[in-house]
K.L.:
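I'd like to ask some things about the structure below.
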There are 2 protein chains.
Amino acid sequence: MRADARRNRDKIVEAAAEIVAERGVHVPMELIARRAGVGVGTLYRRFPDREALITAIGDHYVRAMAEVVDVTARQSADAWSAIGRFVAWAAAPGRVALASALAVLPQEATTGGAEFAEARREWVERLDRLVRRAQAEGDMRTDAGVEELIHLLAVFTCHPNGLPEPVAADPGRYLRLMLDGMKAPSADPIG
Amino acid sequence: MRADARRNRDKIVEAAAEIVAERGVHVPMELIARRAGVGVGTLYRRFPDREALITAIGDHYVRAMAEVVDVTARQSADAWSAIGRFVAWAAAPGRVALASALAVLPQEATTGGAEFAEARREWVERLDRLVRRAQAEGDMRTDAGVEELIHLLAVFTCHPNGLPEPVAADPGRYLRLMLDGMKAPSADPIG
DNA sequence: CCATAAGTGGACGAAAAGCTTCCGCTTGCG
DNA sequence: CGCAAGCGGAAGCTTTTCGTCCACTTATGG
């Protein structure tokens, strides 16, 4: 692979991540290409179809998240506050394309290839360790687990342009509300 | 207006509400017509365009909600549990087209006509009374109000087919988690 | 029971929006 | 310097939905 081709590939993934974050998984390929500063032809040579591209974004993000989970875990006094920081990071404006990794891709994991599936598993596992620790330390309710956390996160990161405007404007605020709901002791078990 | 025409109009609104709940605001008009058991022609005579139809649905629901707020308020011992019941009602499967009333329509309220705007205002006001009472009774955190409640509700009712699958399957569960987050005393003020 | 105006369904033509391919030109690299 | 790899983007194709139109049906009042 030629050096310039490599550069372009990276530009494409980056641009795609941005746009998908802004406008959802269905943005026209041409917009992505334009943002990346390349022609559609180039895009299609690298990624045979939209799915391949989306998977690439997912891969990109899922690795970043695994990394962040680790870093926050090391930097925080307790597991619960590490979770809080991770969520804050994930909800930061423009970091929203997580959709791919969180919600879209589990189904596509098979399609996305074993390598991606593995990366995602690794991420979930790390986050799960944090969750269990927070629960053991009595900071997190035990009737909700890592799955709930991820789904809820996905709700806020999935539909950036479909979200009610005030939520889209400050997802972090709502995410904090949601985190409060997961904190122990819970009002009522959710069953 | 002939009696049969009136019947058809109602069938259309009902069908539209169902389908919009299932597939979002952008469902093809033809699907709506088919579900209602009429031809597209009939649909278009009654509602000049999609927006008119959506507004009609919003109107439909916003009135229903205002009613339910009242009923639950009367039936519940305290304001907080009334809120809980209202939310549970709103999150019931198939009741999801609230989207229109909650998120889409505020912007379209002007379009939808003064009558609709008024109905919506009435609903919000009733819910707000409940919220303030719950706060006064010390059951609900005071750094979140009726707006937050509505926005959060909208998150779960807006994108039925875009929602992560597990959330779509049981929105109530996640809504309960969210309600816990709004219960007093809060872990940390959300600012 | 009939006349008629209101109502009806669904085929149809137009248009928009995207996807992908293709090909003549450019450029990194050995 | 030569050429394989890479590039851009116009063009063709498909799919999707819209909204109109009109020949046929049916309530309804007299």
Side-chain angles (χ1 to χ4, degrees), chain A residues 1-58 97 99-100 104-105 108 111-112 158-162, chain B residues 1-58 97 99-100 104 108 111-112 159-162:
Chain A
M1 194 166 176
R2 242 163 63 175
D4 55 341
R6 175 81 220 174
R7 262 194 314 276
N8 275 339
R9 202 205 106 104
D10 292 348
K11 275 195 293 183
I12 290 173
V13 172
E14 201 171 331
E18 275 178 31
I19 301 211
V20 167
E22 289 166 16
R23 328 208 353 180
V25 228
H26 294 302
V27 298
M29 296 297 247
E30 197 193 329
L31 284 192
I32 298 174
R34 196 168 323 159
R35 167 99 52 133
V38 305
V40 268
T42 305
L43 194 164
Y44 273 97
R45 185 154 349 82
R46 237 30 94 183
F47 305 94
D49 54 27
R50 149 178 268 102
E51 186 175 302
L53 179 54
I54 298 295
T55 300
I57 300 176
S100 352
V104 183
L105 288 179
E108 286 181 21
T111 323
C158 251
H159 315 286
N161 88 351
Chain B
M1 194 164 176
R2 239 164 64 176
D4 54 342
R6 176 81 221 172
R7 264 193 314 276
N8 275 340
R9 203 205 106 104
D10 292 348
K11 277 195 292 181
I12 290 173
V13 172
E14 200 171 332
E18 275 178 31
I19 302 211
V20 167
E22 290 166 16
R23 328 209 352 181
V25 228
H26 293 303
V27 303
M29 298 295 248
E30 198 194 327
L31 284 191
I32 298 174
R34 196 167 323 159
R35 168 100 50 135
V38 306
V40 269
T42 303
L43 194 163
Y44 273 99
R45 181 156 352 82
R46 237 30 97 183
F47 304 94
D49 55 25
R50 149 179 268 97
E51 187 176 302
L53 179 54
I54 298 296
T55 300
I57 300 176
S100 350
V104 182
E108 285 181 22
T111 322
H159 315 286
N161 89 350

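Just so you know, these numbers use all the heavy atoms, side chains as well, and skip hydrogens, waters and symmetry mates. Chain letters run A, B, ... following the sequence lines, proteins first, then strands; residues in each count from 1.
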K.L.:
Can you tell me how far P of D:dT28 sits from CE of B:Met1, to the nearest Å?
P.N.:
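In whole Å, D:dT28 P lies 12 Å from B:Met1 CE.
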K.L.:
When the distance from CZ of B:Arg9 to P of C:dA6 is rounded to whole Å, what number comes out?
P.N.:
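About 19 Å, once rounded to whole Å.
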K.L.:
Round to a whole Å and report the spacing from CZ of A:Arg34 to P of D:dC7.
P.N.:
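These atoms are roughly 18 Å apart.
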K.L.:
For nucleotides 17-19 of chain C, give me every protein contact, N/O to N/O, under 3.5 Å, one pair per line with atom names.
P.N.:
from: C:dC19; atom 1: OP1; to: A:Arg50; atom 2: NH1; distance (Å): 2.3
from: C:dC19; atom 1: OP2; to: A:Met29; atom 2: N; distance (Å): 2.9

K.L.:
Nearest 0.5 angstrom please: A:Glu14 CD to A:Arg35 CZ, how far?
P.N.:
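CZ of A:Arg35 is found 10.5 Å from CD of A:Glu14.
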K.L.:
Does A:Arg46 use its side chain to pair, donor to acceptor, with the backbone of A:Val13 at less than 3.5 Å?
P.N.:
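Flag not set: sc A:Arg46 to bb A:Val13 has no pair under 3.5 Å.
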K.L.:
Please round to the nearest 0.5 Å and tell me the distance separating atom CZ of B:Arg9 and atom CG of B:Leu43.
P.N.:
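Answer for the CZ-CG pair, B:Arg9 versus B:Leu43, is 10.5 Å.
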K.L.:
Contact class for A:Arg46 vs. all strands (heavy atom < 4.0 Å): base, sugar-phosphate, or nothing?
P.N.:
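Sugar-phosphate, backbone atoms only, no base.
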K.L.:
Quickly work out the A:Arg6 CZ to D:dA5 P distance and round it to whole Å.
P.N.:
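One finds 18 Å between P of D:dA5 and CZ of A:Arg6, rounded.
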K.L.:
Keeping A:Asp49 on the side-chain end and A:Ala52 on the backbone end, is there a donor-acceptor pair under 3.5 Å?
P.N.:
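A pair under 3.5 Å: yes.
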K.L.:
Could you tell me how far apart B:Ile12 (CD1) and C:dG7 (P) are, to the nearest whole angstrom?
P.N.:
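It works out to 12 Å between those atoms.
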K.L.:
Calculate the interatomic distance between B:Ile32 atom CD1 and D:dG19 atom P; express it in whole Å.
P.N.:
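Result: 12 Å.
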K.L.:
Produce a footprint string for nucleotides 9-14 of chain C: one letter per nucleotide, 5' end first; B if the base is under 4.0 Å from any protein heavy atom, S if only the sugar-phosphate is, - if neither.
P.N.:
BBB---
K.L.:
What distance separates A:Lys11 NZ from A:Ile32 CD1, expressed to the nearest 0.5 Å?
P.N.:
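Between A:Lys11 NZ and A:Ile32 CD1, I get 15.0 Å after rounding to 0.5 Å.
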K.L.:
Please write out each protein N/O paired with an N/O of nucleotides 23-27 of chain D under 3.5 Å, distance rounded to 0.1 Å.
P.N.:
from: D:dT26; atom 1: O2; to: B:Arg2; atom 2: NH1; distance (Å): 3.4

K.L.:
Can you measure from CD1 (A:Ile12) to CE (A:Met29) and round to the nearest 0.5 angstrom?
P.N.:
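Answer rounded to 0.5 Å: 9.5 Å.
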K.L.:
How long is the straight-line distance from CG of B:Leu31 back to CD of B:Glu18, given to the nearest 0.5 Å?
P.N.:
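Between atom CD of B:Glu18 and atom CG of B:Leu31 there are 12.5 Å.
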